[in-house]
Amino acid sequence: QVQLAESGGGLVQAGGSLRLSCTASGRTLSRNAMGWFRQAPGKEREFVAAISWSGGVTLYGNSVKGRFTISRDNGKNTAYLQMNSLKPEDTAVYYCAARETTLVPTTTWNYDYWGQGTQVTVSS
């Protein structure tokens with residue numbers, strides 16, 4: 001089985017930055033895509049960013065383009081989400097996800113493994 005664990009969430013003021021990490025453990029994943037999603041209270045889970053196995057393809061949701069950067073270190077089985085210029089509307093639980101695929105999915109149903117989530121709160 002595969003476990004994903006997020007870390008790095010917290011409380012930050014508007015305009016600030018946070019870096020989230022997602023580390024995979026358990027069964028070794030073959031070539032996989034990793035993604036970040038977020039869910040605010042009362043809202044559906046929203047696509048934030050995704051990255052291919054090689055890191056050569058990165059995709060972003062419209063609301064975070066230009067502010068967030070996804071990256072990965074395959075040697076550490078870890079993906080990162082650097083979040084800059086944070087806004088109160090970025091407040092949500094952030095989840096990482098993984099799927100063994102050469103594609104780069106942007107929808108929740110295309111990911112097989114999920115972390116428990118980490119809370120990000122941006123104060124105004």
Side-chain angles (χ1 to χ4, degrees):
Q1 191 54 280
V2 175
Q3 292 82 41
L4 301 178
E6 303 97 338
S7 61
L11 174 64
V12 64
Q13 289 188 330
S17 298
L18 282 175
R19 188 176 82 152
L20 305 183
S21 299
C22 172
T23 301
S25 62
R27 179 178 67 82
T28 300
L29 288 168
S30 60
R31 293 177 181 269
N32 61 83
M34 296 191 77
W36 288 95
F37 293 77
R38 67 187 182 186
Q39 189 166 19
K43 295 188 177 181
E44 293 186 353
R45 196 165 293 191
E46 173 191 18
F47 170 70
V48 174
I51 187 168
S52 62
W53 169 252
S54 68
V57 177
T58 56
L59 301 174
Y60 296 93
N62 288 334
S63 60
V64 306
K65 281 180 181 177
R67 300 188 297 123
F68 291 11
T69 303
I70 189 171
S71 60
R72 66 188 298 164
D73 183 339
N74 291 336
K76 296 182 179 179
N77 296 320
T78 299
Y80 304 96
L81 185 68
Q82 178 67 43
M83 306 186 294
N84 298 330
S85 302
L86 282 162
K87 305 175 181 179
E89 50 263 45
D90 293 319
T91 296
V93 177
Y94 283 71
Y95 299 89
C96 71
R99 175 168 182 166
E100 291 171 304
T101 178
T102 57
L103 303 177
V104 187
T106 61
T107 51
T108 57
W109 55 86
N110 279 312
Y111 283 91
D112 299 315
Y113 305 104
W114 290 85
Q116 293 298 308
T118 185
Q119 176 71 45
V120 171
T121 303
V122 184
S123 64
S124 58

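Computed from heavy atoms alone, side chains included, the values below leave out hydrogens, waters and symmetry copies. In this chain, numbering begins with 1 at the start of the sequence shown. What you are looking at is a predicted structure, and each value in this text was computed from that prediction instead of being measured.
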A.B. asks: Is S63 close to E89 at the side-chain level, that is, under 4.5 Å between some pair of heavy atoms?
C.D. replies: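 Side chain of E89 against side chain of S63, heavy atoms only: no contact under 4.5 Å found.
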
A.B. asks: Do Y94 and V48 come within less than 4.5 Å of each other through their side chains, counting heavy atoms only?
C.D. replies: yes

A.B. asks: So how far is it from Q1 CD to Y113 OH, rounded to the nearest 0.5 Å?
C.D. replies: 5.5 Å

A.B. asks: Taking T118 for its side chain and G9 for its backbone only, find out whether a donor-acceptor pair lies under 3.5 Å.
C.D. replies: yes

A.B. asks: Is a side-chain N or O of S52 found less than 3.5 angstrom from the main chain of V57, in a donor-acceptor match?
C.D. replies: yes

A.B. asks: Check V2, D112, L29 against E100 for a side chain to side chain contact (heavy atoms under 4.5 Å, CB included) and give me the one that passes.
C.D. replies: L29

A.B. asks: Would you please test V120 and T91 for side chain to side chain contact (heavy atoms under 4.5 Å, CB included) and show each step?
C.D. replies: CA-CA 5 Å; V120 171; T91 296; 5.9 Å; no

A.B. asks: Please check if V104 and I70 belong to a single hydrophobic cluster, counting links between Ile, Leu, Val, Met, Phe, Trp and Tyr side chain heavy atoms closer than 4.5 Å.
C.D. replies: no

A.B. asks: Do you know which two heavy atoms are closest between V93 and G117, and how far apart they sit?
C.D. replies: CG1-CA, 3.8 Å

A.B. asks: Show the numbers, then the answer: is there a side-chain hydrogen bond (donor to acceptor under 3.5 Å, both in side chains) between N77 and T23?
C.D. replies: CA-CA 6 Å; N77 296 320; T23 301; over 6 Å; no

A.B. asks: Can you tell which of L81, I51, V64 makes a side chain to side chain contact (heavy atoms under 4.5 Å, CB included) with W36?
C.D. replies: L81

A.B. asks: Supply the atom-to-atom distance T69 OG1 to Y80 OH, rounded to the nearest 0.5 angstrom.
C.D. replies: 14.5 Å

A.B. asks: Taking the six-membered ring of Y95, is the NZ or CZ of R45 close enough (under 6.0 Å from the centre) and on axis enough (within 45°)?
C.D. replies: yes

A.B. asks: Does the pair N74 and W53 meet the rule for a side chain to side chain contact (heavy atoms under 4.5 Å, CB included), with working shown?
C.D. replies: CA-CA 8 Å; N74 291 336; W53 169 252; 3.7 Å; yes

A.B. asks: Just checking, is any N or O donor in the side chain of R72 or N32 under 3.5 Å from an acceptor N or O on the other one?
C.D. replies: yes

A.B. asks: Could you check whether any side-chain heavy atom of M34 comes within less than 4.5 Å of a side-chain heavy atom of C22, counting everything from C-beta outward?
C.D. replies: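 The answer is yes; the side chains approach within 4.5 Å.
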
A.B. asks: Angle class for the F37/W114 ring planes (parallel below 30°, perpendicular above 60°, tilted otherwise)?
C.D. replies: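 F37 and W114: tilted rings.
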
A.B. asks: Taking NZ, NE, NH1 and NH2 as the nitrogens, is one of them in E44 or R38 under 4.0 Å from a carboxylate oxygen of the other?
C.D. replies: no

A.B. asks: Using modelled atom types and a 3.5 Å cut-off, is there a donor and acceptor pairing between side-chain atoms of Q82 and backbone atoms of R19?
C.D. replies: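 No, the answer is negative, given that no donor and acceptor are paired below the 3.5 Å cut-off.
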
A.B. asks: Measure the CG-OG1 distance between L20 and T78 for me, rounded to the nearest 0.5 Å.
C.D. replies: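 Here the rounded value is 12.5 Å.
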
A.B. asks: For R67 and S85, indicate whether the former's side chain and the latter's backbone hold a donor-acceptor pair under 3.5 Å.
C.D. replies: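 At least one qualifying donor-acceptor pair exists.
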
A.B. asks: Determine the minimum heavy-atom distance between N62 and K65, stating which atoms define it.
C.D. replies: OD1-NZ, 3.2 Å

A.B. asks: Quick one, E6 and S21 - any side-chain contact, counting heavy atoms below 4.5 Å?
C.D. replies: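 No, side chains not in contact.
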
A.B. asks: At what distance, to the nearest 0.5 angstrom, does CZ of F68 lie from CE of M83?
C.D. replies: 5.0 Å

A.B. asks: Could you measure the distance from the CZ atom of R99 to the CG atom of N110? Nearest 0.5 Å is fine.
C.D. replies: 5.0 Å

A.B. asks: With distance as the sole test, does D90 use its side chain to make a donor-acceptor pair with the main-chain N or O of K87 at under 3.5 Å?
C.D. replies: yes

A.B. asks: Minimum heavy-atom separation for S124 to P88, with atom names?
C.D. replies: CB-CG, 3.8 Å

A.B. asks: Taking all atoms of both residues into account, what is the closest heavy-atom pair of P105 and Y111, and its distance?
C.D. replies: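 Minimum heavy-atom separation between P105 and Y111: O-OH, 2.7 Å.
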
